[in-house]
Amino acid sequence: MAWIGDNRFWIVVIFSIIFATALAGWLFGRFARRLEARAARTVSAWDDALMKALNPPGAVLIWLFGLTIAAGRAGRATGAEIFSLAEPVREIGFILVITWFALRFSRSAEHNLRDPRYMSKPLDATTVRALGKLVRASIVITSAMVVMQFLGYSISGVLAFGGIGGLAVGFAAKDLLANFFGGLMVYLDRPFKVGDWVRSPDKEIEGTVEDIGWRLTRIRTFDKRPLYIPNAVFNQISVENPSRMLNRRIYETIGIRYEDAPLMAGIVADVKAMLQEHPEIDANQTLIVNFNSFAPSSLDFFIYTFTKTTEWVRYHEIKQDVLLQILKIVEQHGASCAFPTSTLHIAELPPELRGVEMVASANAG
């Protein structure tokens, strides 16, 4: 009967531990939700990231400690060998939960640092993503080494093996390493970032950058197809970044008829004045309007100027307005734009051949 009493006692203790664990987990959840709601009322990137990362890892940690303590108590009461695993499970579980929390915190912080709601000047998305990936890789590697050390594996031996095997891995995965370092150079040099419009004169590459990974960069072409480019390619080609242009250029040649030659000076002067006064033309940049050449069918003058906007659609609206005003100026001067024409000059026949021409015409009739 005493054994039954003792048996009932440790069972009660175990259920008490489990009940206390459940209660602590529930209280922690409520507390974490209140903290998260309070943090949401602030504009700090870090406290929001911390609160979002805290739950559910915190609740899992409470359950981990509660269940392993209960398992240890059951092991001491029954002597079963399986309960002896409670302590190592608790130690390894603690490391994994902390790793989980750190990964969640790094992801939340990465998101918040790019969000204008939290940062008056959001950090560059490409740089933040690169740092986030490095931080998460460091967390995972450190966690793996700590777990291996706890399990009895020598970290120094693993590091030495990595140094010796690094050569073989390097030869076997040279393309992978080339892409890795290519991505690293993109992150460091920052020739483009996510959201930029890029193109290469060396390759058929043009589109908007959607993602910069450690091996591949994904570009969405203008016909909406995804283009996956190994990062090593960017070490060998030239890349243009039109997204970083300061202005857009208007460079057009307009031709008028040869009979309108006396009007050329006035047309050129009025077109230049119009461009200088146009609200969407950047007068601080190069602005040229000049008679340029004697073309086969026209007298050509050209305009060379820059718009203030760099937006593609708005640029074409401004260019259309400029060209229409040029047409109006040409018409106001009484001139016309030229188009390809040919003039046939017929020499007058000498007097002695005119009679032959008339006879030939009569016979033809």
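Everything numeric here is computed off the predicted structure, so don't read it as measured data. Throughout, residue positions are numbered sequentially from 1 according to the sequence presented.
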Visitor: One pair to check against side chain to side chain donor-acceptor pair (under 3.5 Å): Asp196 and Asn241. What are the steps and the verdict?
Guide: CA-CA 7 Å; Asp196 281 357; Asn241 191 336; 3.0 Å; yes
Visitor: Is the closest side-chain donor-acceptor distance between Asp282 and Asn247 under 3.5 Å?
Guide: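 The answer is yes; a qualifying pair exists.
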Visitor: I'd like to know if Phe222 and Trp312 are part of one continuous hydrophobic network [Ile/Leu/Val/Met/Phe/Trp/Tyr, side-chain heavy atoms within less than 4.5 Å].
Guide: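 Unlinked, Trp312 and Phe222 end up in two clusters.
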Visitor: Would the distance check show the side chain of Ser143 and the main-chain N or O of Ile139 forming a donor-acceptor pair, the cut-off being under 3.5 Å?
Guide: no
Visitor: Please walk me through it: do Thr305 and His278 pass side-chain contact (heavy atoms from CB on, under 4.5 Å)?
Guide: CA-CA 11 Å; Thr305 188; His278 199 291; over 6 Å; no
Visitor: Quick check: is Phe306 connected to Leu275 through a chain of hydrophobic side chains (ILVMFWY, heavy atoms under 4.5 Å apart)?
Guide: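 As far as the 4.5 Å side-chain criterion goes, Phe306 and Leu275 are not connected within one cluster.
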Visitor: Could you measure the distance from the SG atom of Cys337 to the CZ atom of Arg257? Nearest 0.5 Å is fine.
Guide: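 Atom-to-atom, Cys337:SG and Arg257:CZ are 9.5 Å apart.
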Visitor: Does Tyr315 have Arg248 sitting over its ring (NZ/CZ under 6.0 Å from centre, angle to axis within 45°)?
Guide: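 Yes, cation above the ring, under 6.0 Å and within 45°.
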Visitor: Is a salt bridge present between Glu331 and Lys328, judged by a nitrogen-to-oxygen distance below 4.0 Å?
Guide: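 Looking at Glu331 and Lys328, the cut-off is not met.
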Visitor: So which heavy atom on Ser297 is nearest to which on Ala338, and how close?
Guide: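 Closest approach of Ser297 to Ala338: O-CB, 3.4 Å.
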Visitor: Given the rule in the side-chain contact (heavy atoms from CB on, under 4.5 Å) test, do Val60 and Trp63 qualify, once you have shown the distances and angles that lead to the verdict?
Guide: CA-CA 5 Å; Val60 172; Trp63 276 100; 5.8 Å; no
Visitor: Treating Ile, Leu, Val, Met, Phe, Trp and Tyr as nodes and any side-chain heavy-atom pair under 4.5 angstrom as an edge, say whether Tyr258 and Met264 lie in one connected cluster.
Guide: yes
Visitor: Tell me whether the centres of the aromatic rings in Trp197 and Phe192 are closer together than 6.0 Å.
Guide: no
Visitor: Please report whether the ring centroid of Phe301 lies less than 6.0 Å from that of Phe291.
Guide: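 Judged by ring-centre distance (under 6.0 Å), Phe291 and Phe301 do not meet the cut-off.
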Visitor: Please determine whether residues Tyr304 and Val322 belong to a single hydrophobic cluster, defined as Ile, Leu, Val, Met, Phe, Trp and Tyr linked transitively by side-chain heavy-atom distances below 4.5 Å.
Guide: no
Visitor: Do Thr217 and Asn231 have a side chain donor and acceptor closer than 3.5 Å?
Guide: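 Checked: Thr217/Asn231 side chains pair up, N/O donor to acceptor below 3.5 Å.
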Visitor: Could you walk me through whether Ile219 and Val198 pass the side-chain contact (heavy atoms from CB on, under 4.5 Å) test, one step at a time?
Guide: CA-CA 9 Å; Ile219 294 177; Val198 297; 3.8 Å; yes
Visitor: Under 4.5 Å between any side-chain heavy atoms of Ile281 and Gln276, yes or no?
Guide: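 In short, these two side chains do not touch, never coming nearer than 4.5 Å.
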Visitor: What's the separation between atom CG in Leu61 and atom CG in Leu96, rounded to the nearest 0.5 Å?
Guide: 11.0 Å
Visitor: Please list, chain by chain and in numerical order, all residues satisfying side-chain hydrogen bond (donor to acceptor under 3.5 Å, both in side chains) with Arg220, sequence neighbours excluded.
Guide: Glu210
Visitor: Do side-chain atoms of Lys308 reach the backbone of Pro279 as a donor and acceptor pair under 3.5 angstrom?
Guide: yes
Visitor: Indicate yes or no for a side-chain donor-acceptor contact from Ser106 to the backbone of Leu103 under 3.5 Å, with no hydrogens or angles considered.
Guide: yes
Visitor: For the salt bridge (charged side-chain N to carboxylate O under 4.0 Å, His left out) test, which of Arg104, Lys52, Arg136 pairs with Glu110?
Guide: Arg136
Visitor: Report the C-alpha distance between Val289 and Leu287 in whole Å, list the side-chain angles of each, state the deciding distance to 0.1 Å, and finish with yes or no for side-chain contact (heavy atoms from CB on, under 4.5 Å).
Guide: CA-CA 7 Å; Val289 183; Leu287 194 157; 4.2 Å; yes
Visitor: Can you see whether Asp260 engages His333 through a side-chain donor-acceptor pair at a distance of less than 3.5 angstrom?
Guide: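 Note: Asp260 and His333 side chains miss the donor-acceptor criterion.
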Visitor: Ser298 side chain to Asp300 main-chain N or O, any donor-acceptor pair under 3.5 Å?
Guide: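 No, Ser298 side chain to Asp300 backbone: no donor-acceptor pair under 3.5 Å.
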